[in-house]
Amino acid sequence: MTEHVDIAVIGAGPAGANAALAASRHGLSVTLLDEQSKPGGQVWRARSAAILDAPSTPESAAGGALRQRLQNSAVARLGDTRVWQIERTEDGWVLHLLRQGRVEQRRARALVIATGAREFVQPVPGWTTPGVLGLAGATALFKQDLTLPGQRTVVSGTGPLVFFVAAEIRRLGGEVAGVITPNGRGDWLRALPAMLSRPDLLLRGARWVADLMLAGVPIHWRHAVSTVAGDGRVAAVGFRPLDADWSPVGAERGIAADSLCLGNGLIPAVEAAELAGVALEHRPELGGWLPRRGADGETEVPGLFLCGDGAGIRGAAAAEIDGRLTGLRAAQHLGAETASERAALRPRYARAARFGMAMTALSMPRKGLAELTTPDTIVCRCESLTGGVIAAEIAAGAGSTNAVKSGLRAGMGACGGKFCQTAVARMIAAAEDRAEAEVPPPTARPPLRPVPVSALAGEFDYSDLPIPKPAPL
Ligand SMILES: Cc1cc2nc3c(=O)[nH]c(=O)nc-3n(C[C@H](O)[C@H](O)[C@H](O)COP(=O)(O)OP(=O)(O)OC[C@H]3O[C@@H](n4cnc5c(N)ncnc54)[C@H](O)[C@@H]3O)c2cc1C
């Protein structure tokens, strides 16, 4: 029989884990599911067994505390569990899972979706060369395995993550050949008033930049990576100055390096919420397309709640409080009284969200950055589709991401469009002189994550298959 709980939470990052803990404290049965083996999400990712004794960092300490709180709670945890389909029923939700190579189902009266974000990388010539990593993705290497991207790394991207990654590489003994960021110093100065809402985080960021400057690492403000050279491995990184709209202007220069961390902001992972029936809206100040939600994670779909970066990029500090608010709201939906607890949390949430949104504003790519994608650049890496091929499809009348997907398979590969769909949407908007708000991502379809056919088919012996008798003539 399929297990039936009060609340299922998808995503055990700061948002989902805190939602589960908050709801569980009100006596409800809660199951927390995540495809990672241990809770913590992206920012508080757990360490592998080999590096458990490494010196503590703010992220490892926060993640350790969260895992301890979950351990001491009544929350049931399902790690290494991928949710690949979500169905709404008369009395709640059915989640289709992939666990240990098998498919399973779990039922819940209410559902909290906290699936976080993924990063956007503006495709440039050579970005698929081995040795190029996502900027946010590189943080997983440090946190989980204390591994460096290479011997000599260029770190490039928007917002605060570029300085965090560069500072971490240096802390772990690596060499940073240069930092390249589309943001100008003026962008950071304009963000200062909002950053003062969290002086602790502001100070931490200032230390990263000071460390790089004292070490003589060149920081190229208002520049972007324009090419990656190397035969089978990164050998050099080309970069160009940008204008105010981040269009490349001026000549390319180069830096010798064996690795590159490259990223241009985070995008809410909206597919699970969309599959559960929530409409999307375009909110550039929160990372672009995101599922529509109301106060404390409530949605228009009864029994469905959303929190964390998947409902708008506000950063880890806000995700944690957002998760608590949403878990409490879900508990209230099932009869608990949580209104006063939520009212007490909201001012803290507003402060953290203000800081996070200032970082999102710094991280969001401006329009001109898309010009770095040349006709020869691979845009859809699963299907090896270049910018030129996609541009021709758009010129032939494919005016939506769904149309480009059906025509060329861009987004039908193993990544399910997670790498290319934003770049394709931006290409359509630029080619047809439309706003990005007019070009939504492709319609979400199951499976949310790849599922092996063998898992769906289950174990069977061919000889046991009933063979229908021939139809009478
Ligand atoms: C790769 C990456 C690295 C980042 N590194 C940092 C960093 O170092 N510092 C920082 O301040 N911010 C970082 N961020 C931003 C940071 O993730 C968020 O601000 C914060 O973690 C948001 O918390 P969350 O709980 O909303 O999402 P997350 O922490 O992303 O948690 C979402 C969880 O949902 C799970 N999940 C998603 N879909 C499914 C599914 N279908 N089935 C099962 N589980 C699923 C994921 O495995 C993940 O654990 C990073 C973002 C990304 C994408």
Side-chain angles (χ1 to χ4, degrees), residues 8-20 32-46 57-60 62-63 66 78-86 95-99 106 112-121 133-144 157 159-165 167-168 198 201 204-205 208 261 263 265-273 275-276 287 290 297 306-324 326 352-353 355-357 359-360 363 416 418 444 446-451:
V9 181
I10 309 175
N18 277 290
L32 178 62
L33 309 106
D34 201 296
E35 62 187 339
Q36 294 193 46
S37 28
K38 293 192 183 146
Q42 298 294 359
V43 64
W44 298 338
R45 179 179 286 271
T57 65
E59 284 78 22
S60 70
L66 179 79
L78 289 184
D80 293 317
T81 302
R82 287 179 167 175
V83 179
W84 61 272
Q85 163 69 317
I86 300 169
L95 301 182
H96 296 258
L97 318 177
L98 180 69
R99 271 167 61 71
R106 287 287 199 284
V112 175
I113 296 180
T115 46
R118 62 169 170 273
E119 73 179 318
F120 172 64
V121 180
L133 284 84
L135 183 67
T139 66
L141 286 184
F142 313 146
K143 291 174 192 169
Q144 196 167 307
L161 212 50
V162 72
F163 298 110
F164 173 62
V165 169
E168 277 297 280
R198 285 296 303 262
L201 298 179
R204 202 169 167 224
W208 297 332
C261 301
L266 300 177
I267 301 165
V270 300
E271 297 79 12
L275 215 54
L290 47 105
L306 311 173
C307 55
D309 272 5
I313 311 291
R314 298 175 178 86
E320 184 181 359
I321 312 169
D322 191 20
R324 287 175 66 187
T326 305
F355 182 92
M357 285 172 68
M359 299 303 101
T360 303
S363 306
K418 293 173 188 69
L448 286 170
R449 294 285 191 271
V451 187

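Just follow the structure's listing: the first ligand is 1, and inside any ligand the first atom is 1.
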With heavy-atom distances below 4.0 Å as the criterion, list the atoms of ligand 1 near [X].
X	value
Arg118	53 (C)
Phe164	8 (O)
Gly308	26 (O)
Ala114	32 (C), 33 (C), 34 (O)
Gly13	25 (O), 29 (O), 31 (O)

Identify which of [options] has a heavy atom lying nearest to [atom].
atom	options	value
atom 5 (N) of ligand 1	Thr81, Thr139, Ile86	Thr139
atom 42 (N) of ligand 1	Thr57, Leu32, Val83, Leu95	Val83
atom 27 (O) of ligand 1	Gly116, Gly315, Ala318	Gly116
atom 6 (C) of ligand 1	Lys143, Glu59, Arg45	Lys143
atom 34 (O) of ligand 1	Cys307, Pro447, Gly11	Gly11

Atom 18 (C) of ligand 1: which protein heavy atom is closest, and how many Å away?
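The answer is Asp309 OD2, 2.9 Å.
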Nearest neighbour in protein (non-hydrogen) for atom 2 (C) of ligand 1
Ala136 CB, 3.4 Å
Under 4.0 Å, heavy-atom basis, I'd like to know which part of Ala319 is in contact with ligand 1: side chain, backbone, both or neither.
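Within the 4.0 Å criterion, Ala319 contacts ligand 1 through side-chain atoms alone.
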So for Trp84 against ligand 1, with non-hydrogen atoms under 4.0 Å, the contacting part is neither
From CA spacing to verdict: side-chain contact (heavy atoms from CB on, under 4.5 Å), Phe164, Arg204:
CA-CA 9 Å; Phe164 173 62; Arg204 202 169 167 224; 4.0 Å; yes
Between ligand 1 and Trp44, can you find any atom pair, the residue atom being a heavy atom, that is separated by under 4.0 Å?
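The answer is no: ligand 1 sits nowhere under 4.0 Å from a heavy atom of Trp44.
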I'd like to know whether ligand 1 has Ala117 as a neighbour, heavy-atom separation below 4.0 Å.
yes
